[in-house]
4 protein chains.
Amino acid sequence: MSPRSKKLSEQMKAESRKAILNASLKLFAKKGYSATTTDEIARKAKVSKGLIFSHFSSKEDILFSIIDENVERWLPIAIDTDENLSPKEKIISLINSMMNLLKTEPDLIRLSLRLNLDESYRKIIEKRGKELMEKFLSRVRNLFKQLGSKNPDLDCYLFMFLFDGISANYTVAPDLFPIEPIKEHFFKVMFTYLKKK
Amino acid sequence: MSPRSKKLSEQMKAESRKAILNASLKLFAKKGYSATTTDEIARKAKVSKGLIFSHFSSKEDILFSIIDENVERWLPIAIDTDENLSPKEKIISLINSMMNLLKTEPDLIRLSLRLNLDESYRKIIEKRGKELMEKFLSRVRNLFKQLGSKNPDLDCYLFMFLFDGISANYTVAPDLFPIEPIKEHFFKVMFTYLKKK
Amino acid sequence: MSPRSKKLSEQMKAESRKAILNASLKLFAKKGYSATTTDEIARKAKVSKGLIFSHFSSKEDILFSIIDENVERWLPIAIDTDENLSPKEKIISLINSMMNLLKTEPDLIRLSLRLNLDESYRKIIEKRGKELMEKFLSRVRNLFKQLGSKNPDLDCYLFMFLFDGISANYTVAPDLFPIEPIKEHFFKVMFTYLKKK
Amino acid sequence: MSPRSKKLSEQMKAESRKAILNASLKLFAKKGYSATTTDEIARKAKVSKGLIFSHFSSKEDILFSIIDENVERWLPIAIDTDENLSPKEKIISLINSMMNLLKTEPDLIRLSLRLNLDESYRKIIEKRGKELMEKFLSRVRNLFKQLGSKNPDLDCYLFMFLFDGISANYTVAPDLFPIEPIKEHFFKVMFTYLKKK
DNA sequence: AATGAATGAGCGTTCATTCAT
DNA sequence: TATGAATGAACGCTCATTCAT
């Protein structure tokens, strides 16, 4: 009986950890953090209940880990990645990034929306994502300014609101709200408005 | 000598019932249905825990009562009230109604947004508000058509999404997102877009 | 507005008290003391919940009142009423009395059987009916002795057991166990047995 | 390093389950189902309250499990086990079986008597034990027929009533009603009566 | 005498968390 | 690392009892 190689063991550990995070994300997104039990997480992740608490110190720790380990997904949204594009191309690229995140990680977005509506978690999330959010806002504000906006602050807000609204509906009923036509319309409305100015 | 007069008794009952509903709405909106305990409701409503269950058969019954007894608040949003207005005036009036509801009943809107994000409650809420929602959607679609929209369906959706996004942010941080400037900007964007067509 | 005459008032009070006792007896007999709520009693007695506690100091007080106010019903069973009868006639009369009580007051008998099976109430009931029970036992023992029994103690017990068994079945399913044929058979078995000696 | 062996784990689970069933049976028998709290069961079974509900879905489930898992104890009473015996030997054997069950499982019998007196549980119990009861009754009826009974139905009922009556008294006060002398007397009465015919 | 709204201790049950293996 | 039996605080809810009228 040779001991499991350290590498394999670590890989298994990482896998079970990932399974727990994935299961939790799905459940938190669909049922909410409070309504999700650790039993359900264990069942969905196909691990024992005990293992959850060897990976995470508490149920809340799972939630925070989900948040922390997914912050980087927002990076292409928050940070300008290609400086060679024109402002218009940049905003197209931004919207594409956002819609892409929505399409590939609907549960993450849904969970964000949930947490944002929550008195106690909102603040925590805000703190952990503050820097990113500020970067995002300043980036969008800047883009609108470059595109000739007279009120980049409000344009920026409305832009953000629209994305939140799309997310809130798409994540709960993707079949009812097909993302591609909505995205195309988003572009049309936005450029009609911006050109007018 | 005699029992409490029927009128007084009924008034007392109605008052305590209202207190429970008010407290519950606030807590459900801010903490979520699952995270709110009946103890908290009782404390906030300044009644005993037992009284809650002499008014409502379960915690869920409180939630459903809140929904059912607030449906009529959506009426001015769902139903065209003044036929003498022009399409433009009508949409202004509609947005005013919506923003007004948001300003006067932020907790109700916040709760709706929460429930809409929830897998199990979404369906229940959907069923109870189906008729109203259909009326609202057909009304908005019609208005966009009258205003020359080439794609009233998508315009209607975007309109709805924008309102959801505004609501999601305003209800959690009214100080951060002042409703009046946002409303004005909403008008400006919308009419710029519509006129262009 | 003349005050209600004292007599009428007292009569009303007695009536509501009786209604509570009747309703309680039925419910205690069928559902058991613990499983019966004061709400149910009030509903069945068609009085308010408050009135129950103006007549009785507690739920238990209702139970004890039922017991105390029905002790006299056992008198013809416990006490020899007609000294002119022969031993055989006496035992026939006794069985008739017992079967009659069973027929007219099945709920009272059923409640007694229940309380007798209960660890805590058994003792209380025993104390309150001790004198009566002793009179009954000595009476039956005596009768068996007069009828030539060689072991009046055990005959007396078996007699009592048989009545308990009949009661336990008749009170829960009177249609299944018709009392008259059972009584006739009871007589036959008993006299066959006694004659043999 | 490794989780508790499957065998040990299953044994632990079976033991705690049995402890809960044993404690519940005792308490249900002595205090009644409604008057017994899950706290008491946990205390008596020396387990935590939570463990009860990992074994059973509800308090009622404990009750039904007790019933279902003890049905086989009635088998020697319901079913003729030795075909080589004479009718008289058979009835002696039957009574011995019954008295033996009473002596070894007084709480089970006491609980049966309680449930039989109960409006709602009677029906449930009846359904679950219907087959067995019918076998028992037809067996006893047959025996009485073979022993020359002119009315085996009523003889069978009286036999059953007598056993119920003995049970009702023995289970609550075994010291007051010594089972052996009572059994002997039961035999004497029965055979005196049967021979007479 | 009578009402029923109101109370709160305590019920059955759930669930995050621990721990022996 | 991994298990799942075990825990107990806290949950939703019930119910005997009180009290203003």
Side-chain angles (χ1 to χ4, degrees), chain A residues 4 8-10 12-13 16-17 34 36-42 47-60 62, chain B residues 1-6 8-17 34 36-42 47-60, chain C residues 4 8-10 12-13 15-17 34 36-42 47-60 62, chain D residues 1-6 8-17 34 36-42 47-60 62:
Chain A
R4 227 183 335 240
L8 182 63
S9 171
E10 265 168 20
M12 276 174 68
K13 188 171 177 182
S16 65
R17 195 191 136 90
S34 284
T36 300
T37 68
T38 51
D39 253 37
E40 280 174 306
I41 295 170
V47 299
S48 71
K49 217 151 47 121
L51 191 59
I52 292 175
F53 291 91
S54 88
H55 280 298
F56 305 95
S57 64
S58 68
K59 191 180 144 187
E60 219 169 39
I62 305 175
Chain B
M1 278 289 279
S2 56
R4 225 170 336 225
S5 81
K6 204 172 177 182
L8 179 60
S9 177
E10 268 168 18
Q11 190 191 313
M12 275 172 70
K13 191 152 195 185
E15 264 166 30
S16 65
R17 194 191 135 91
S34 284
T36 301
T37 69
T38 51
D39 255 346
E40 282 174 306
I41 295 171
V47 299
S48 68
K49 215 156 40 131
L51 190 59
I52 292 175
F53 294 92
S54 91
H55 282 295
F56 304 96
S57 63
S58 65
K59 193 178 135 186
E60 218 168 40
Chain C
R4 229 189 324 250
L8 182 62
S9 170
E10 267 169 20
M12 277 172 69
K13 189 172 178 183
E15 264 166 30
S16 65
R17 193 191 137 91
S34 283
T36 301
T37 68
T38 52
D39 253 34
E40 281 175 305
I41 295 171
V47 299
S48 71
K49 217 151 44 123
L51 192 57
I52 292 175
F53 291 91
S54 89
H55 280 298
F56 305 95
S57 64
S58 68
K59 192 179 142 186
E60 219 168 41
I62 304 176
Chain D
M1 281 288 280
S2 57
R4 222 169 340 222
S5 82
K6 204 173 178 182
L8 179 61
S9 176
E10 267 169 19
Q11 190 189 314
M12 274 172 69
K13 191 153 192 182
E15 264 166 29
S16 65
R17 194 191 136 92
S34 284
T36 300
T37 69
T38 51
D39 254 347
E40 281 174 307
I41 295 171
V47 299
S48 68
K49 213 152 48 127
L51 190 59
I52 292 175
F53 294 93
S54 91
H55 282 294
F56 304 96
S57 63
S58 65
K59 192 178 137 187
E60 218 169 40
I62 305 176

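Just so we're on the same page: letters track the sequence lines, and every chain starts at 1.
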B:Val47 side chain, from C-beta outward: closest of E:dT17, E:dT7, E:dA6: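 Given the options E:dT17, E:dT7, E:dA6, the side chain of B:Val47 is closest to E:dT7.
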Let me confirm one number: the [atom1]-[atom2] distance from [X] to [Y], rounded to the nearest 0.5 Å.
X: B:Thr38; Y: B:Phe56; atom1: OG1; atom2: CZ; answer: 13.0 Å
X: D:Lys59; Y: D:Thr37; atom1: NZ; atom2: OG1; answer: 7.5 Å
X: D:Asp39; Y: D:Ser48; atom1: CG; atom2: OG; answer: 10.5 Å

Any side-chain N or O of [X] less than 4.0 Å from the OP1 or OP2 oxygen of [N]?
X: B:Ser16; N: E:dA6; value: yes
X: B:His55; N: E:dA6; value: yes
X: A:Thr38; N: E:dA16; value: yes

How many whole angstroms separate atom [atom1] of [X] from atom [atom2] of [N]?
X: C:Glu40; N: F:dT14; atom1: CD; atom2: P; result: 13 Å
X: C:Asp39; N: E:dA6; atom1: CG; atom2: C1'; result: 13 Å
X: D:Lys13; N: F:dT7; atom1: NZ; atom2: P; result: 13 Å
X: D:Phe53; N: F:dA9; atom1: CZ; atom2: P; result: 17 Å
X: C:Arg17; N: E:dA2; atom1: CZ; atom2: C1'; result: 16 Å
X: B:Leu8; N: E:dA6; atom1: CG; atom2: C1'; result: 13 Å
X: A:Glu60; N: E:dC15; atom1: CD; atom2: C1'; result: 15 Å
X: A:Leu51; N: F:dG4; atom1: CG; atom2: C1'; result: 12 Å

Judged by each residue's nearest nucleotide on DNA chain E, which is more toward the 5′ side, D:Lys59 or C:Ser48?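 So the residue in question is C:Ser48.
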Would you mind telling me which residue lines up with the more 5' stretch of DNA chain E, D:Phe56 or C:Ile52, judged by nearest nucleotide?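 The answer here is C:Ile52.
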Does E:dA20 have a Watson-Crick or wobble partner in any strand here, with both distances under 3.5 angstrom, and which is it?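 Paired with F:dT3.
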Can you name the nearest heavy-atom pair linking D:Val47 to D:Ser16, along with the distance?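 The pair with the smallest heavy-atom distance is CG1-CB, 4.3 Å.
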Contact summary for C:Ser34 and D:Ser34, nearest pair of heavy atoms: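 Shortest heavy-atom separation between C:Ser34 and D:Ser34 comes out as CB-CB, 3.6 Å.
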Assuming nearest nucleotide by heavy-atom distance, tell me which of C:Gly50 and B:Thr37 is located more 5' along DNA chain F. B:Thr37
D:Ser9 or B:Ser34: which one's nearest nucleotide on DNA chain F is closer to the 5' end?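 Final value for this comparison: D:Ser9.
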Determine whether a donor-acceptor pair (one donor, one acceptor, N or O, separation below 3.5 Å) exists between the side chain of B:Lys49 and the base of E:dT7. no
Tell me what C:Ser57 touches on the nucleic acid: a base, only sugar-phosphate, or nothing, going by heavy atoms under 4.0 Å. nothing
For D:Ser54, answer base if it contacts any base atom (sugar-phosphate contacts may also be present), sugar-phosphate if it contacts only those atoms, and nothing otherwise; contact means non-hydrogen atoms under 4.0 Å. nothing
